[in-house]
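Okay, structure first, notes after.
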There are 2 protein chains.
Amino acid sequence: MRGIGVDAIAEQAGTNKMTLYRHFGSKDDLIIACLRDVAAEADEIWAEFETTYPGDPMAQLHAWVREGADCVLGDPRGCDMANAAVELAESDHPARHVIEEFKNAHRHRLAQLCRDAGIAKAALLADTLWLLLEGVRVSIQSVGVEGPCAHFISIAEAVIAAFATEPAGGQSSRLPDEASIKPRQSLPPLPATT
Amino acid sequence: MRGIGVDAIAEQAGTNKMTLYRHFGSKDDLIIACLRDVAAEADEIWAEFETTYPGDPMAQLHAWVREGADCVLGDPRGCDMANAAVELAESDHPARHVIEEFKNAHRHRLAQLCRDAGIAKAALLADTLWLLLEGVRVSIQSVGVEGPCAHFISIAEAVIAAFATEPAGGQSSRLPDEASIKPRQSLPPLPATT
DNA sequence: CCAATATGTTACAGGTCAGTAACGTCCAGT
DNA sequence: ACTGGACGTTACTGACCTGTAACATATTGG
């Protein structure tokens with residue numbers, strides 16, 4: 001963000017600085033607009049899940065995993081939102097609103113998807129998958145695609161499978177309780193992905 | 001990185017810019033020295049695991065989880081290394097060497113720990129835990145500590161437990177194979193702007 | 001064809017920042 | 001007490017960057 005100038009942005013956008021400033025009042029406004037654009041693209045992808053696998057939330061969940069892996073491999077720069085959050089850490093930048101809103105929306109959407117898929121501990125699975133993807137998208141910038149990122153699909157699918165085999169009403173579950181943050185609980189063996 | 005000046009760094013360090021420049025040839029050198037310092041601190045923590053639970057790699061692994069959670073809650077700024085990797089993305093900054101080296105060392109150390117703990121698919125467990133922690137440390141900057149980060153310990157412990165119950169020599173395992181990385185089918189990748 | 005509007009161009013003001021220079025000051029070792 | 005070296009202070013240069021002003025040129029609708 002601070003590493004690139006408005007002139008460079010304008011040139012890269014095929015226009016010039018003045019025009020940019022006539023459309024966006026300031027660089028911050030421009031950043032916000034960019035992030036909103038990223039959010040809109042993500043919304044489109046979510047919509048695609050629903051239209052491609054209508055009424056099949058589990059298939060949508062798998063599509064989410066594949067999409068996550070693809071978007072990582074196709075773009076080694078990670079998540080624009082998360083990157084912006086890192087880069088704007090010092091100031092209370094207005095764009096942080098957009099980032100927080102987007103990330104929360106994404107997280108809740110994922111949880112809803114897990115819930116619709118009949119997963120008992122939907123929120124917990126959603127958080128696990130979320131953390132894995134966020135981890136992948138940030139790791140790629142420090143250790144590259146050859147690292148742990150290469151295993152994302154296997155890991156994510158295994159985790160989904162582990163949660164899916166949980167009984168819906170299970171009080172005696174070996175999965176950690178949604179509300180508890182206590183350590184030392186166990187998960188059933190992870191099924192394979194094929 | 002670009003968001004803070006050398007003057008500010010010097011003041012925060014209780015000295016002044018000139019002295020800083022007499023010790024470090026440039027700001028980049030200073031950044032590298034800082035990151036090396038971070039790496040040294042991390043090494044100390046790893047050493048602590050070994051001295052606190054000598055000969056008990058599983059206990060060390062649990063300590064790693066707790067340490068990860070503690071270091072997240074104690075510092076909402078995430079991982080300095082990963083943050084630097086994000087912020088120095090545009091240039092091929094010399095500090096990227098340090099970051100890559102550190103992250104790889106950490107990852108391999110974690111894998112070794114899992115191996116020593118008798119985990120069958122040690123590398124895979126290590127990558128999973130690694131991704132979870134990286135995810136936590138980057139998520140905290142966009143959704144705060146109240147989000148998925150709060151479940152890190154539960155999730156990590158559950159994953160360890162799942163891997164620990166795997167038979168050592170299991171060919172018939174339901175965990176994904178260490179080497180297998182499925183060829184992916186592609187969806188339109190996300191373009192992005194800054 | 002002719003306004004009205006959007007875009008391009010150049011130049012500039014004001015600010016921040018990395019890095020340097022010159023000079024002053026403190027302090028330990030001898 | 002002297003001296004060499006490390007630290008502090010101030011001021012400066014040059015580069016870069018955001019944002020604006022004034023003016024020139026397209027483009028579009030009526």
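If you take NZ of B:Lys27 and P of C:dT16, they are 15 Å apart, rounded to a whole angstrom. A straight line from CZ of B:Phe24 to P of C:dT20 spans 15 Å, rounded to a whole angstrom. Spacing between atom CG of A:Asp7 and atom P of D:dT18 amounts to 7 Å, rounded to whole angstrom units. For the pair A:Arg2 CZ and C:dC17 C1', the interatomic distance rounds to 12 Å; values are reported in whole Å. In this structure, OH of A:Tyr21 is placed 17 Å from C1' of C:dG8, rounded to the nearest angstrom. For A:Met1 and D:dC17, the CE to C1' distance is 15 Å, given to the nearest whole Å.
Between A:His23 and C:dA6 there is no side-chain N or O to OP1 or OP2 distance below 4.0 Å.
Side-chain contact check for B:Asn83 versus B:Gln141: some heavy-atom pair is nearer than 4.5 Å. Within the 4.5 Å cutoff, no side-chain heavy atoms of A:Ile32 are placed close to those of A:Phe24. Residues B:Trp64 and B:His106 are in side-chain contact: their nearest non-hydrogen atoms beyond the backbone lie under 4.5 Å apart. Taking 4.5 Å as the limit, some side-chain heavy atom of B:Ile160 sits within range of a side-chain heavy atom of B:Met58.
For DNA chain C, the residues of residues 11-20 of chain B within the heavy-atom distance limit of 4.0 Å (strictly under) are B:Lys17, B:Met18, sorted by number.
If you check distances only, the side chain of B:Arg22 never reaches the base of C:dG19 with a donor-acceptor pair under 3.5 Å.
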What do the steps show when you test B:Thr128 against A:Val159 for side chain to side chain contact (heavy atoms under 4.5 Å, CB included), and what is the final call?
-> CA-CA 10 Å; B:Thr128 305; A:Val159 170; 5.5 Å; no
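Of the residues listed (B:Ser139, B:Pro148, B:Ser142), the one engaging A:Lys103 in a side chain to side chain contact (heavy atoms under 4.5 Å, CB included) is B:Ser142, and it is the only one.
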